[in-house]
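What's counted below: heavy atoms across the whole structure, side chains too, no hydrogens, waters or symmetry copies.
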Amino acid sequence: MSGSTMVQRLAAELLGTFWLVLGGCGSAVFAAEVLDNGISVGIGYLGVALAFGLTVLTGVYAFGYISGGHFNPAVTLGAVLARRTEWKALLPYWAVQVIGGLLAGLVIYIIANGTSGFTATGNMAANGYGQHSPGGYSLGAVILAEIVLTAVFLFVILGSTDDRAPNGFAGLAIGFTLALANIVAIPISNASINPARSTGVAFFNGDGAPAQLWVFWLAPLAGGAIVGIAYPYLFGARHEPARPARHEAAPDQPAPAG
């Protein structure tokens with residue numbers, strides 16, 4: 001990562017976020033509920049959760065060495081506060097992450113309209129609370145779930161990319177953690193844990209999603225900020241080995257994530 005220019009890093013973040021939203025939300029729109037002669041052959045909640053995990057797992061290995069593989073404004077904020085990424089990268093990363101998410105949302109929208117009878121309103125895998133929550137969960141429940149699950153996600157990201165962590169396994173840990181977080185959160189909020197993912201489909205979905213989008217920025221960013229501040233105090237700085245260090249990346253590489 002240390003040899004990558006800012007333009008290269010931003011391109012990697014845009015492509016990685018595009019892939020995350022296309023793979024994750026696309027699986028929810030196209031494959032979650034599929035009927036064949038009246039028999040369900042869709043992937044359901046579990047399949048969608050695994051799709052999100054796989055997009056991050058593959059994206060981290062493909063682009064992590066270039067940009068850190070954040071693909072998520074909450075991850076970038078946490079990495080900045082944990083001193084894994086420089087402050088000057090925060091807003092540019094956020095901008096390209098949102099653009100990548102919106103481009104993926106547009107692609108999903110165009111493809112979905114290629115079949116008769118599709119209506120985008122309420123069918124674009126948007127996040128929501130209350131009547132827009134898959135399980136009818138309240139605003140308070142959704143905020144708590146999003147903060148806690150994003151925080152756990154950030155702990156795994158910062159821990160697995162610490163210089164003291166085993167070498168080469170960060171992408172697996174991060175991808176599986178996002179899949180697990182989605183398994184928990186899809187019935188609650190349709191699983192955001194990522195403001196760029198939420199923004200990418202909210203405006204195509206309509207049906208109240210744009211008005212509720214603030215929750216899916218506020219809660220994940222809060223979770224990311226909490227861990228970004230807490231991690232160095234709880235577990236030490238990245239370059240303070242508690243045991244013989246096994247270096248996985250260059251010292252100035254941002255934390256990979258999703």
Side-chain angles (χ1 to χ4, degrees), residues 1-25 52 55-106 127 146-147 150-151 153-158 160-162 170-171 174-175 177-178 181 192-202 213-214 216-229 231-232 238 248-258:
M1 205 296 296
S2 57
S4 302
T5 67
M6 181 57 75
V7 171
Q8 291 170 333
R9 292 167 64 184
L10 295 179
E13 284 298 305
L14 189 151
L15 287 171
T17 310
F18 174 86
W19 174 228
L20 185 151
V21 176
L22 181 64
C25 294
F52 272 105
T55 62
V56 172
L57 188 157
T58 54
V60 165
Y61 285 120
F63 303 116
Y65 71 99
I66 301 171
S67 68
H70 297 186
F71 319 142
N72 182 338
V75 171
T76 301
L77 178 60
V80 166
L81 291 172
R83 299 186 295 279
R84 302 284 188 89
T85 302
E86 71 276 27
W87 275 102
K88 69 179 182 181
L90 181 68
L91 293 181
Y93 268 43
W94 281 9
V96 296
Q97 287 160 357
V98 169
I99 292 169
L102 287 169
L103 288 173
L106 177 61
N127 303 112
E146 289 286 335
I147 290 174
T150 305
F153 188 41
L154 261 293
F155 270 123
V156 172
I157 289 167
L158 295 178
S160 63
T161 58
D162 196 298
I174 293 165
T177 300
L178 185 61
S192 171
I193 315 169
N194 183 340
R197 169 261 187 269
S198 299
T199 304
V201 296
L213 189 57
W214 66 273
F216 302 102
W217 274 86
L218 177 65
L221 288 179
I226 289 167
V227 176
I229 294 169
Y231 187 91
R238 183 178 186 176
E248 179 177 11
D252 60 346
Q253 180 177 345

Spacing of [atom1] belonging to [X] relative to [atom2] belonging to [Y], to within rounding of 0.5 Å:
| X | Y | atom1 | atom2 | result |
| --- | --- | --- | --- | --- |
| E13 | N72 | CD | CG | 9.5 Å |
| T177 | I157 | OG1 | CD1 | 8.0 Å |
| R9 | L14 | CZ | CG | 14.5 Å |
| T76 | F71 | OG1 | CZ | 10.0 Å |
| I174 | Y61 | CD1 | OH | 8.0 Å |
| T55 | F18 | OG1 | CZ | 12.0 Å |

Return the set of residues passing side-chain hydrogen bond (donor to acceptor under 3.5 Å, both in side chains) with [X] (not counting sequence neighbours), or none when no residue passes.
| X | answer |
| --- | --- |
| W19 | T58 |
| S192 | S198 |
| T150 | none |
| E146 | S189 |

Checking [X] now: which residues fulfil side-chain contact (heavy atoms from CB on, under 4.5 Å) with it, not counting sequence neighbours?
| X | result |
| --- | --- |
| I229 | L81, Y233 |
| L10 | M6, P92, Y93, V96 |
| L15 | F63 |
| V98 | L102, T199, W217 |

Taking the side chain as C-beta and beyond, is there a heavy-atom pair between [X] and [Y] under 4.5 Å?
| X | Y | answer |
| --- | --- | --- |
| V60 | V56 | yes |
| C25 | F52 | yes |
| N194 | P220 | no |
| N127 | R197 | yes |
| P73 | W94 | yes |

Think R84 forms a cation-pi with Y231, using NZ or CZ under 6.0 Å from the six-ring centre and within 45 degrees of its axis?
yes

Using a distance-only test with no angle check, is there a side-chain donor-acceptor pair under 3.5 angstrom linking Q97 and T17?
no

